[in-house]
K.L.:
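Handing you a structure now.
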Amino acid sequence: LPIISAQSSPDYIPDAKFYKVEAILRPWRIPLVSSALLKMGIRGVTVSDVRGFGAQGGLRERQAGSEFYEDKFLAKVKMEIVVSKDQVEAVIDKIIEGARTGEIGDGKIFLLPVTDIIRVRTGERGEMAERMMGGQADVSSVLPPA
Ligand code: ATP
Ligand code: GLN
């Protein structure tokens, strides 16, 4: 399968500090995608089980060995990742790399500007809330010593 990456980012994207990359993907490709994201330092990811259909109405997509499937809605996973602007293209390329089979039903990626991020534990906003520092080290720097 030839490696492809996203075309260069177009000029209609509104400028923001943060973006949400929202990808609707094949469920069985999620482990590949998430381990690749983890490797590039992405640690904030949300996934949901969703059902959907695209241009083909789910009909041409092979599901459990059968080309015909009565329910047009196929099981997909929605992956949501909020990152700073400079990480967007790398995240999109990682998702394509991990999720692409070249067949109908590989999925789609939506890009949304995000206006702010608030970390509930600390009340931090914006850049400070977006930054994913290392687990316990981060926790102990904010919490009073035990
Ligand atoms: P803390 O340091 O307080 O743990 P955190 O930034 O690590 O804060 P969590 O409270 O662990 O965030 O996040 C809760 C959930 O929010 C995660 O399980 C994940 O679903 C989602 N999440 C956090 N950050 C992101 C992000 N940047 N993009 C997408 N989802 C995120
Ligand atoms: N940009 C963050 C960082 O590098 C990662 C954001 C995320 O994990 N979604 O710390």
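When a ligand or atom number is given, it counts from 1 through the structure's own listing order. Just so it is clear, the structure is predicted and the values come from calculations on it, not from any experiment.
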K.L.:
Answer side chain, backbone, both or neither: which part of Ile81 comes under 4.0 Å from ligand 1, heavy atoms only.
P.N.:
backbone
K.L.:
Report the part of Val45 in contact with ligand 2, treating N, CA, C, O as backbone and CB onward as side chain, heavy atoms under 4.0 Å; options are side chain, backbone, both, neither.
P.N.:
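For Val45, there is no contact with ligand 2 at all, from either part.
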K.L.:
Start with the C-alpha gap between Leu38 and Arg43, add the side-chain angles, then the distance that decides, and say whether side-chain contact (heavy atoms from CB on, under 4.5 Å) holds.
P.N.:
CA-CA 6 Å; Leu38 196 66; Arg43 273 166 292 173; 3.8 Å; yes
K.L.:
Does Val82, backbone or side chain, put an N or O under 3.5 Å from an N or O of ligand 1?
P.N.:
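N/O-N/O distance below 3.5 Å exists for this pair.
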K.L.:
Tell me, do Ile42 and Lys94 make a side-chain contact under 4.5 Å, heavy atoms counted?
P.N.:
no
K.L.:
List every atom of ligand 2 that sits less than 4.0 Å from any heavy atom of Val82, numbering the atoms from 1 in the order shown and giving each element.
P.N.:
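Under 4.0 Å from Val82, ligand 2 has these atoms: 6 (C), 7 (C), 9 (N).
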K.L.:
Minimum heavy-atom separation for Ser35 to Leu32, with atom names?
P.N.:
OG-O, 3.2 Å
K.L.:
If the cut-off is 4.0 Å to any non-hydrogen atom of Ile81, which atoms of ligand 2 fall inside it?
P.N.:
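So the answer, numbered in order with elements, is 9 (N).
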K.L.:
Would you say the side chains of Glu124 and Thr122 form a donor-acceptor pair under 3.5 Å?
P.N.:
yes
K.L.:
Going by the atom numbers of ligand 2, which of them fall below 4.0 Å from some non-hydrogen atom of Gln87?
P.N.:
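So the answer, numbered in order with elements, is 1 (N), 2 (C), 4 (O).
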K.L.:
Between Leu37 and Met79, is there a side-chain heavy-atom distance shorter than 4.5 Å?
P.N.:
yes
K.L.:
Look at atom 19 (C) of ligand 1 and find which of Thr46, Ile42, Val21 reaches it with the closest heavy atom.
P.N.:
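The option holding the nearest heavy atom is Thr46.
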K.L.:
Using a 4.0 Å heavy-atom threshold (strictly under), name the region of Arg119 that reaches ligand 1: side chain, backbone, both or neither.
P.N.:
side chain
K.L.:
Within the distance-only criterion (no hydrogens, no angle test), does the side chain of Asp116 pair as donor or acceptor with the backbone N or O of Gly126 below 3.5 angstrom?
P.N.:
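Answer holds: yes.
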K.L.:
Considering only protein heavy atoms, which is closest to atom 2 (C) of ligand 2, and at what distance to one decimal place?
P.N.:
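Sorting protein heavy atoms by distance from atom 2 (C) of ligand 2 puts Glu130 OE2, 3.2 Å first.
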K.L.:
Which bit of Glu80 is near ligand 1, meaning a heavy atom under 4.0 Å away: side chain, backbone, both or neither?
P.N.:
backbone
K.L.:
Say whether, by atom type as modelled, one donor and one acceptor occur between the side chain of Arg29 and the main chain of Ile95 under 3.5 angstrom.
P.N.:
no
K.L.:
Give the atoms of ligand 2, by number and element, whose distance to some non-hydrogen atom of Arg43 is under 4.0 Å.
P.N.:
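Atoms satisfying the 4.0 Å criterion: 7 (C), 8 (O).
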K.L.:
Between Gly41 and ligand 2, does any nitrogen or oxygen pair lie at a separation below 3.5 Å?
P.N.:
no
K.L.:
I'd like to know if Lys20 contacts ligand 1, where contact means a heavy-atom distance under 4.0 Å to any ligand atom.
P.N.:
no
K.L.:
Are Asp15 and Lys85 ion-paired here, with the side-chain N under 4.0 Å from a carboxylate O?
P.N.:
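Salt bridge: yes.
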K.L.:
Are the side chains of Val91 and Tyr19 in touch, meaning some heavy atoms are under 4.5 Å apart?
P.N.:
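No, too far: nothing below the 4.5 Å cut-off.
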K.L.:
Look at atom 10 (O) of ligand 2 and say which protein heavy atom is nearest, naming residue and atom and giving the distance to 0.1 Å.
P.N.:
Met132 N, 2.8 Å
K.L.:
Applying a heavy-atom cut-off of 4.0 Å, say which part of Val45 lies close to ligand 1: side chain, backbone, both or neither.
P.N.:
backbone
K.L.:
Would you say Val21 and Gln87 make side-chain contact, with heavy atoms under 4.5 Å?
P.N.:
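Counting from C-beta outward, Val21 and Gln87 never come under 4.5 Å.
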K.L.:
Less than 3.5 Å between some nitrogen or oxygen of Ser84 and one of ligand 2, yes or no?
P.N.:
no
